[in-house]
Amino acid sequence: MLKLSETKKRNIKSSEMPRSYACDKAVRMPMIKLQSLEGEVFEIDVEIARQSVTIKTMLEDLGVEDDDEEPVPLPNVNAAILRKVIAWCTYHKDDPPPPEDDENKEKRTDDICSWDAEFLKVDQGTLFELILAANYLDIKGLLDVTCKTVANMIKGKSPEEIRKTFNIKNDFTPAEEEQVRKENEWCEEK
Amino acid sequence: MDDSSIPSLLSSDVQGNSNLDLEDELSSFRSQWQQEIKSRSPRGQPGATDSQNDYVLEQAKVLFLKGSQLEQSGRLYEAVEFYKRATQLVPDIEFQVDFTSLHGPRERQESESSIGSVDNEELEDKLMEHLQSLQLSEDVNSRKSCHPEYDQRTTHISVLPVELLNYILRWVVSVDLDMKSLENFSEVCRGFYLAARDEGIWRSACQKVWGSNTGKCKKFGGWRNMYIQRPHLLYNGCYISKLSYVRPGEKSLDNFYRPFHVVEYYRYVRFFPDGAVTIMTSPEDPPSVLPKLKHKYTKDTGMLTGVFKQIGDRVTAVLKRVKTKDQTIPYYKKHQRQRNNNDMEMTYYVELELSNVGKKSFAKLQWIDYSVTTKYMMTGQENTCQLLDNKGYPDLIFSRVRSYTSSSEIPLL
């Protein structure tokens, strides 16, 4: 009968031990290297990187070798954005997968969590680049939270306010604009 | 030499020279065959004339555009028919529609808009097509959903591809069906107009409202038209009616004054897109009550919650009174009270009729039926009581509440 402390130690050891290692090698977390557009290399835990379905699929298809010195090139993501994405993934690495049940989704009334709200206090440009990166790397949680933020910036605003918020040029001709306004009359309140 | 031998001679001659002749024949046949193939070359090759070329190309483009419109409105089988016809005429029409300059129609459109005399009637039906053809005339790589007004150094929203913009719009609309925000978005610029008129989003909205009853959009002419024209309840606000009655006040000692109070109270009916409904009767003003109705799960006195069903312009609902926890009652009394509460179960049945108010569609609800059935748990007896009377149930008028749609929770997928 093992003592509780001994079983605990054993459990910790077995989870830290990557399966591909032989016992005589040093025990460490498997890492993966990601290379940004400018060539900067970031080394992160494979488990954190696997939140990106793109990277996860690539690892499964190509097979990961822990001693691999070759970084994975991400030519669509610059270093600043990649750093932020990695920070988000690191914070959210223990998140449970989102519930599949529709019932649960409807009941959920929690908004963006406070850490994410702080994380997203960035200028619009960074926000759009995060959306593009989350889309490219296929990280659903990050994509959802960034799109939700942009959506909340759009909701409740008049067309002119939207133009001002996002710096958008009005390229309608006067006739077209009138026509669009007529088409939208059904939801006007007098 | 007799004739009979001639053939044999000839045949022997032929046989003797047969190889050479055969080869000659073969080569002449081959060259004939190749010429025939060349002359039967597919249209659009240098063989055909230029004018034939253009005409066919134009036809194919028209068919292709028609196909893409049908696809957008969800009529996929018909769309495939048009695509087939277009590709039969010109096999790589898909790429040619994007890249070749639509000189004919583009110049026409440009000259129309430059003169500024585009017929408004024409625009009415064809604004979508007009804008789509303008968009298609641009190069695929430089096609953007919007353009910045002023130069800016930070990344502009136009970097987002249409698919991501579509996903963001689904968050904007959300399961609360905030179509007003979507329509505002469509007035911003041309590219956003096309994004907001994406039939996919409107189709999802229709399915959210009508569920299995959605049917086809053909008779309405598109999913957006169905959403606008087909009667449905409005979810981004509350239907409110105001009532007042006169109550005599306390008489003063000498019967000189006979004061009376005018009591005003409101009835609020709030519908949620997922089928839930809340009815609340309260003397408080709308500004203080409406925030309480924002979420489904708030409990307050005077509230009935339940589910509703809508068929055509009739709405039927079944509701029960909300149980609020009363914390001031000490334990033993609470126990008794709970027992009392379990004695009867009251179920409210409501039937309403949906109609328009002036230009505002679906903004009025009339009471058709309102009854309460009380079931006594001890005896199993049921009593139904009709609550509707002539005076106490004026029409409910819809009023939008901004805070209900101020932030989105769940995207409309």
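Quick caveat: nothing in here was measured; it's all calculated off a predicted structure. The chains referred to below are lettered A, B, ... by the order of the sequence lines, with proteins before strands, and numbering in each begins at 1.
Applying the side chain to side chain contact (heavy atoms under 4.5 Å, CB included) criterion to B/Thr214, with sequence neighbours excluded, gives B/Cys206, B/Gln207, B/Trp210, B/Trp223, B/Met226.
At a 4.5 Å heavy-atom cutoff, B/Tyr404 makes no contact with chain A through either its backbone or its side chain. The contact between B/Ser174 and chain A is made entirely by side chain atoms (from C-beta outward), counting heavy-atom distances below 4.5 Å. For chain A, no part of B/Phe398 is nearby; none of its heavy atoms comes within less than 4.5 Å.
The stretch residues 153-160 of chain A places A/Ile154, A/Lys155, A/Gly156, A/Lys157, A/Ser158, A/Pro159 near chain B, each with some heavy atom under 4.5 Å from a heavy atom of that chain. Against chain A, the residues from residues 181-188 of chain B that qualify, each with a non-hydrogen atom under 4.5 angstrom away, are B/Ser181, B/Glu183, B/Asn184, B/Phe185, B/Ser186, B/Glu187, B/Val188 in number order. By a heavy-atom distance cut of under 4.5 Å, not one residue of residues 79-91 of chain A is near chain B.
Contact check for B/Trp171 versus A/Asn152: no side-chain heavy atoms found under the 4.5 Å cut-off. In this structure the side chain of A/Trp186 reaches within 4.5 angstrom of the side chain of B/Arg224, judged on heavy atoms. Side-chain contact between B/Arg190 and A/Thr173: present, with at least one pair of heavy atoms (C-beta onward) separated by less than 4.5 Å. For the pair A/Leu132 and B/Pro161, the minimum side-chain heavy-atom distance is below 4.5 Å. Residues A/Asp171 and B/His147 meet the side-chain proximity criterion, which asks for heavy atoms closer than 4.5 Å.
The OG atom of B/Ser158 sits 9.0 Å away from atom CG of A/Asn167, with the distance rounded to the nearest 0.5 Å. In this structure, A/Cys147 SG and B/Arg170 CZ are separated by 12.5 Å, a value rounded to the nearest 0.5 Å.
Environment of NZ in B/Lys292: crowded, with over 12 heavy atoms of neighbouring residues, nucleotides or ligands closer than 6.0 Å. Summarising the local packing, NZ of A/Lys56 is surrounded by 12 or fewer heavy atoms from other residues, nucleotides or ligands at distances under 6.0 Å.
Between A/Phe128 and B/Thr155, the closest heavy-atom pair is CD1-O, 3.7 Å. Nearest heavy-atom pair across A/Ile168 and B/Cys189 is CG2-SG, 3.9 Å.
The most heavy-atom pairs under 4.5 Å with chain B, out of A/Val150, A/Thr146, A/Asn135, come from A/Asn135. By number of non-hydrogen pairs under 4.5 angstrom with chain A, the leading residue of B/Leu169, B/Val159, B/Ile228, B/Val173 is B/Ile228. Most heavy-atom pairs under 4.5 Å with chain A, from the set B/Ala363, B/Pro148, B/Ser399, B/Cys146: that is B/Pro148. For the set B/Asp178, B/Ile157, B/Leu234, the entry with the most heavy-atom pairs within less than 4.5 Å of chain A is B/Ile157.
Using modelled atom types, one finds a donor on one side chain and an acceptor on the other under 3.5 Å when comparing B/Tyr193 with A/Glu183.
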